[in-house]
Amino acid sequence: MEKERNLRYYIETWGCQMNEEDSEKLSGMLKNMGYKSTLAREEASVIIFNTCCVRENAELKVYGNLGALKKLKEKNSDLVIAVCGCMMQQKGVPEEIMKKYPHVDIIFGTHNAYKFPEYLNRVKQGETHLREIETEHSDIVEGLPIDRKSDLKAFVTIMYGCNNFCTYCVVPYVRGRERSRKPEDIENEIKELIKEGYKEITLLGQNVNSYGKGLEPSITFADLLRRVNEIEGLERIRFMTSHPKDISDDVIYAIRDCDKLCEQIHLPVQSGSNSILKKMNRHYTREYYLEVIEKIKREIPDVSITTDIIVGFPGETEEDFEDTLSLVKEVQYDSAFTFIYSRRKYTPADEMEDQIEDEVKHKRFNRLVEAVNEGCAKNNKLYEGKTVEVLVEGESFKDTTKITGRTRSGKLVNFTGNKCNIGNLVNVKITKANSFSLLGEEV
Ligand code: SAH
Ligand code: SF4
């Protein structure tokens, strides 16, 4: 029993899909070392916290959770506690964690996560307070084992880092400069996934539209999409995230023309006000963004458009915010990740003088969410009576007599149908649209 308990690991992940994917790699490495996963921290002999620093909230959660681990370590001195991810790439943070939470054994960053098995072994052999952060990114490490959460849908990273330096954002500081994976490596990973039974992949990068820079022979993101579309056995392809300044007509045409590319695009706008977009260093205007949206809607019928929006950026006036609201109404997004601006140390926006009061930020946030939800509900209504293709993912959480899955446009559908079809594509007639999901029956 003791032996088995010693072989369990627990990983908690905060933040974006990139972090999720990094955790899947850590999990893959641990499984290769003979460990099994557990959902209970108390059972684990290795606990990893994979952190995010994009907003303050995520950071505060990490600190709270780290404090709570002290008791577990007191009960079990063999427990190994590791902390990694974006927070660790920030100046002074690893030192602060070691000082305030001496029960942490290993600290490592985003560029050296592939060395985790080595770090674990070193600590097991007696090393204490191991701290290794690389500030310069190394070459892309291929071939790491990945233990994916789903056995139907997989994330495949196509590029790392970001060169954009939006003034509010820490990502370029903690994830380094853009580096693209070779198309052959991406294709091989996808082919392996298909052999394992995966049906849908999402190509990931902070700015997928600048994929390919520096690669020989030269290749654009649209070229990559067309190549991936040729891979036999794959049913659906999605991708994120696209920066509006870089999305090319060719990418829009690829979605229109390639049968496996889903009619869905995530195009973060951040703000509808030209002066705020300028202060954010986004390199596009409201008018340009709306032109791109118009083109997308014209070329790709029934496309679903999603976005990210920040409220309360320094200097945002009521008028600026109204511009965001009117843009949201005009585009009528299918969903949006909405964020209250969070001050991040060492970013230019943190130095800006005209920071917005919390109360104003919260009020604007609520008004924004309302506008987003209105658009989403209107779009969902358009599905009533239509028959759509759904990839069946499993039983519905809320009602186990139903099964659940997503349309090509990414909408969640709960429906009556044959459970034998879990893992397959089926046609579903939509009978009712709710604000955030659809109801239907298999046809
Ligand atoms: N590379 C992607 C997104 C990366 S971060 C892109 O450019 O679209 C995900 C989202 O977090 C961003 O789109 C932005 O809306 C939000 N975000 C980033 N930094 C933030 C901050 N300091 N405060 C609030 N939201 C932030
Ligand atoms: Fe951050 Fe901007 Fe890069 Fe996205 S494009 S990761 S928001 S700096």
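From a predicted model like this one, the values you see are computed outputs, not experimental measurements. First listed ligand is number 1; within each ligand, the first listed atom is number 1. Heads up: numbering here begins at 1 and tracks the sequence.
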(request) Please say whether Y168 places an N or O atom under 3.5 Å from an N or O atom belonging to ligand 1. (result) yes
(request) For the residue pair Y289 and Y333, categorise the inter-ring angle as parallel (less than 30°), tilted (30 to 60°) or perpendicular (more than 60°). (result) tilted
(message) So for ligand 1, is S342 a polar contact partner (N or O within less than 3.5 Å, distance only)?
(response) yes
(message) Under 3.5 Å between any N/O of N207 and any N/O of ligand 1: does that happen in this structure?
(response) no
(message) Tell me the nearest of R282, R175, Q270 to atom 14 (C) of ligand 1, using heavy-atom distances.
(response) Q270
(request) Could you tell me whether H283 approaches ligand 2 through its side chain, its backbone, both or neither, with non-hydrogen atoms closer than 4.0 Å? (result) neither
(request) Could you tell me whether K295 and E291 have a side-chain N and a carboxylate O separated by less than 4.0 Å? (result) no
(request) Do me a favour and list the nearest non-hydrogen protein atom to atom 7 (S) of ligand 2 with residue, atom name and distance? (result) Y168 OH, 3.4 Å
(message) Check this for me - ligand 1, Q206, N or O atoms closer than 3.5 angstrom, yes or no?
(response) yes
(message) With a heavy-atom distance limit of 4.0 Å, tell me whether I310 approaches ligand 1 through its side chain, its backbone, both, or neither.
(response) side chain
(request) Return yes if a side-chain donor-acceptor contact under 3.5 Å exists between D246 and H283, otherwise no. (result) no
(request) Return the option from D246, N163, V171 holding the heavy atom at the smallest distance from atom 6 (S) of ligand 2. (result) V171
(message) Looking at ligand 1, is there an atom of it that comes within less than 4.0 Å of some heavy atom belonging to I340?
(response) yes
(message) Once you restrict to heavy atoms under 4.0 Å, what part of H243 touches ligand 1? Side chain, backbone, both or neither.
(response) neither
(message) So if I count the atoms of ligand 2 from 1 in the order they appear, which ones are less than 4.0 Å from some heavy atom of P172?
(response) 8 (S)
(message) Please confirm whether the ring centroid of H111 lies under 6.0 Å from the ring centroid of Y160.
(response) no
(message) Considering non-hydrogen atoms of the protein only, which is the closest contact for atom 2 (Fe) of ligand 2, and what is the distance?
(response) C166 SG, 2.3 Å
(message) Using a 4.0 Å heavy-atom cut-off, which part of C169 comes near ligand 2: side chain, backbone, both, or neither?
(response) side chain
(request) Could you tell me how the ring of F337 sits relative to the ring of F339: parallel (under 30°), tilted (30 to 60°) or perpendicular (over 60°)? (result) parallel
(message) Below a 4.0 angstrom heavy-atom separation, can you tell me which part of R55, side chain or backbone, both or neither, approaches ligand 1?
(response) side chain
(request) Below 4.0 angstrom from a heavy atom of F165, which ligand 2 atoms are there? Numbered from 1 as shown, please. (result) 8 (S)
(message) Under 4.0 Å from a heavy atom of C162: which atoms of ligand 2 are those, numbered in the order shown and with their elements?
(response) 3 (Fe), 5 (S), 6 (S), 8 (S)
(message) For ligand 1, which is the ligand I care about here, please tell me if D308 has any N or O atom under 3.5 Å from one of the ligand's N or O atoms.
(response) yes
(message) Quick check on ring pair (Phe, Tyr, Trp, His ring centres under 6.0 Å): which of W14, Y63, Y10, Y101 does F49 satisfy it with?
(response) W14
(request) May I ask you to check if K115 and F108 form a cation-pi contact, with NZ or CZ under 6.0 angstrom from the six-membered ring centre and within 45° of the axis? (result) no
(message) So, 4.0 Å and heavy atoms of R175: is ligand 2 close enough to count as a contact?
(response) no
